[in-house]
*Asks:* 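Just dropping this structure here.
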Number of protein chains: 2
Amino acid sequence: MPHNVTIEDIAAEAGVSRQTVSRAMNGMPRISEKTRARVLEVSERLGYRPSRFASNLARVAKAKTVGLVVDSLRNPYYSELAAELLDAASLNGWQLTISSHENEPVLPMVARLAGEVDAVVGYFGEDNEEELLAAARGVPVVLLGRTATVPGLHSVDIDFDSGFVALIDELRRRGAARFGMLESHIHGTEYAPSSRRLAYERSTEHPSSSAVIVCEAEMQSVDAGEAGMHALLDRYPDTDTVIAFSDLMAMGALRAAHSRGIDIPSRLKVVGIDGLSLGAVTSPALTSLAIVGSPIIEQVAEVVRAALQPGAVGEQHRRAIPAPLWRESA
Amino acid sequence: MPHNVTIEDIAAEAGVSRQTVSRAMNGMPRISEKTRARVLEVSERLGYRPSRFASNLARVAKAKTVGLVVDSLRNPYYSELAAELLDAASLNGWQLTISSHENEPVLPMVARLAGEVDAVVGYFGEDNEEELLAAARGVPVVLLGRTATVPGLHSVDIDFDSGFVALIDELRRRGAARFGMLESHIHGTEYAPSSRRLAYERSTEHPSSSAVIVCEAEMQSVDAGEAGMHALLDRYPDTDTVIAFSDLMAMGALRAAHSRGIDIPSRLKVVGIDGLSLGAVTSPALTSLAIVGSPIIEQVAEVVRAALQPGAVGEQHRRAIPAPLWRESA
DNA sequence: ATGAAAGCGCTAACAA
DNA sequence: TTGTTAGCGCTTTCAT
């Protein structure tokens, strides 16, 4: 059983001390080119791989990495969110490790992640807060899209109410009068109104906001949006403005409108939620209540930055206000 | 200067040994519920965060993490690739940390990554192999989309020639006769024919394969594809089959065809490259030469698995054959 | 330019 | 159930 090759082996083989090996491997000064070359040659020959754990343990400037938990990177909402967090991470000198709970139960995943990262941020659906906290074993956790209720958990929630007010106001100014909404319901789960629907209903007046179609979404929510749009147009033919649960669903809605020969936005306005850059390439380009590309990531970065501070204490709760992103469809 | 709180502090405060603290924190057996609770209480009160470096150093089953380097997660090709690698990672018990070289030069990024992961895989464009190898400091590197030429670097290349043969054959069987291609050229860089274009030209006969339009792509290559399609239809009006550099460009091509009232696929077949799941929601759904969703990730996972083996020696070179994904547009 | 000593903070194996 | 003894493999500081 050939034991793992360590810095000690390289030092011995090259006839130098461990520090010299360290200097050579890390491109540090105070070493002659000659010895450096020799050490590098030896280390390559023996297949030496420095232990990142040992080196970070000894080093004073330790690497920082934040873990992101999402449903699936196949959903463009999460991949754009990840892209933004990646920007923030690079700005702050963090690494970003991503996990999706597509294949794995959340709690074990968080427990595993906790052994590899310095903070965990993510969407955790309905997961129990106490259990999350316990699974994280001291690693700070930031809940996205909901407000944490137990002490010790940070959160960045989304203030749909404020976002909707701005959106509906401007839509009205543009002539919107009879609203409809395409709500989403993940197939096979028990239905509960989403915070998006609730905000929609609060921000529109009653008779119009009764025009809600609950779409049974599976993976491909574009299709659900298309079907939902047909249902909505059948049931509430005089609707002039449709707000979809997500941009993906709105894209389906656009398709349904197309197939019926309905002109957008003159006859019907369509608005998504999310603010995906993907929405720029539909025709017409999709107007959206933007979460991604708005201040949410700023907030997350600030919370993480604070939580990563050595003496950090207490939790932070923030709310990000989604902002309408006006393109052509409304 | 309050030093970092360590296991020692908790042990002292709780009046137990370090080992007992370890048992409590990690949910290990052989500890009474009473002491566990007390230790947990203390650790929470003092804000104890176990050092993942120390724990992994001491632990025999160390965490494995692989680093993925991509252009940008905003590009669905990379995010779907990442999603697949995430699946493979979860299957193998790895973590996945992602870096994009959107904001950061590659070499320093690889150097940083190398201190945090056990293997690096990624698209490295034109980057110098020797420099990459040096930056990785002993951490295995897997090049994607090209074949490594220096010893020490692994690679998984894409065999477009084989893929194109299968694609073109079947297209011909379906009536394709005059081919055209929409090639991509990243704006502001020197142009060199892509391996996709070369494979296309090899697999089609000459006069038809001269129908190549080089599109100046920026971020949003959908637009480039749209413009390119118009140019192609103007210049080679009798083209009956168009192959685009990517699915995104093919989506633009679809849009151009739409706006000209050209029916797809009866009058014109359109094929993308990449195999994005996004292609399923265009109308008509996009046929594509699939890279993502085909064996490429298998190959990558195998190479990484081998490279992660303690005594691993030598490098691996593999080729993945893209497979046509027949949907409606062809 | 190089080396020796002293940790970094934890877990594994064994003893009590 | 709990504690003791050894490391894990590297970097830092200080000599030389």
*Asks:* Just jot down the salt bridge (Lys or Arg N to Asp or Glu O under 4.0 Å) partners of A:Glu84, sequence neighbours excluded, or say none.
*Replies:*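 A:Glu84 satisfies salt bridge (Lys or Arg N to Asp or Glu O under 4.0 Å) with no other residue.
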
*Asks:* Would you confirm whether B:Asn92, through its side chain, and B:Trp94, through its main-chain N or O, come within 3.5 Å as a donor-acceptor pair?
*Replies:* no

*Asks:* Of the residues in residues 40-48 of chain A, which ones touch DNA chain C at a heavy-atom distance under 4.0 Å?
*Replies:* none

*Asks:* Heavy atom of residues 15-36 of chain A under 4.0 Å from DNA chain D: which residues?
*Replies:*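 Those residues whose heavy atoms fall under 4.0 Å from DNA chain D, taken from residues 15-36 of chain A in numerical order, are A:Arg18, A:Gln19, A:Ser22, A:Asn26, A:Met28.
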
*Asks:* Residues in ring-ring contact (aromatic ring centres under 6.0 Å, His included) with B:Phe124, at least two apart?
*Replies:*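 B:Phe124 satisfies ring-ring contact (aromatic ring centres under 6.0 Å, His included) with no other residue.
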
*Asks:* Partners of B:Asp157 by salt bridge (Lys or Arg N to Asp or Glu O under 4.0 Å), sequence neighbours excluded?
*Replies:*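 Salt bridge (Lys or Arg N to Asp or Glu O under 4.0 Å) list for B:Asp157, sorted by chain: B:Arg319.
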
*Asks:* When you measure from the side chain of A:Asn26 to the backbone of B:Arg137, do you find a donor-acceptor pair of N or O atoms at a distance under 3.5 Å?
*Replies:*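 Answer holds: no.
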
*Asks:* Could you give all pairs that pass the salt bridge (charged side-chain N to carboxylate O under 4.0 Å, His left out) test and reach residues 4-24 of chain A, with sequence neighbours left out?
*Replies:* A:Glu8-A:Arg18, A:Glu13-A:Arg45

*Asks:* A:Glu298: which residues meet the salt bridge (Lys or Arg N to Asp or Glu O under 4.0 Å) condition with it, sequence neighbours left out?
*Replies:* none

*Asks:* Defining pairs by Watson-Crick or G-U wobble geometry with both distances under 3.5 Å, how would you list the stems of DNA chain D with at least three pairs each?
*Replies:* C:1-16 with D:1-16

*Asks:* Any donor-acceptor pair under 3.5 Å linking the side-chain atoms of B:Ser277 with those of B:Glu80?
*Replies:*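 Yes.
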
*Asks:* Using distance alone, with no hydrogens and no angle criterion, decide if B:Thr149 and B:Glu129 have a side-chain donor and acceptor under 3.5 Å apart.
*Replies:* yes

*Asks:* With sequence neighbours excluded, what pairs up with B:Gln95 under the side-chain hydrogen bond (donor to acceptor under 3.5 Å, both in side chains) test?
*Replies:*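 Counting only residues at least two positions away or on another chain, B:Gln95 forms no side-chain hydrogen bond (donor to acceptor under 3.5 Å, both in side chains).
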
*Asks:* Under the rule for salt bridge (Lys or Arg N to Asp or Glu O under 4.0 Å), what residues qualify as partners of A:Glu302, not counting sequence neighbours?
*Replies:* A:Arg318

*Asks:* Once you round it to whole Å, what is the distance between P of C:dA6 and CG of A:Leu57?
*Replies:*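 From A:Leu57 CG to C:dA6 P: 18 Å.
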
*Asks:* With sequence neighbours excluded, what pairs up with B:Tyr48 under the side-chain hydrogen bond (donor to acceptor under 3.5 Å, both in side chains) test?
*Replies:*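 Expected list: none.
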
*Asks:* Of all nucleotides in DNA chain D with an atom under 4.0 Å from a non-hydrogen atom of chain B, which is the first and which the last going 5' to 3'?
*Replies:*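 In short, chain B contacts DNA chain D from D:dT1 to D:dG9.
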
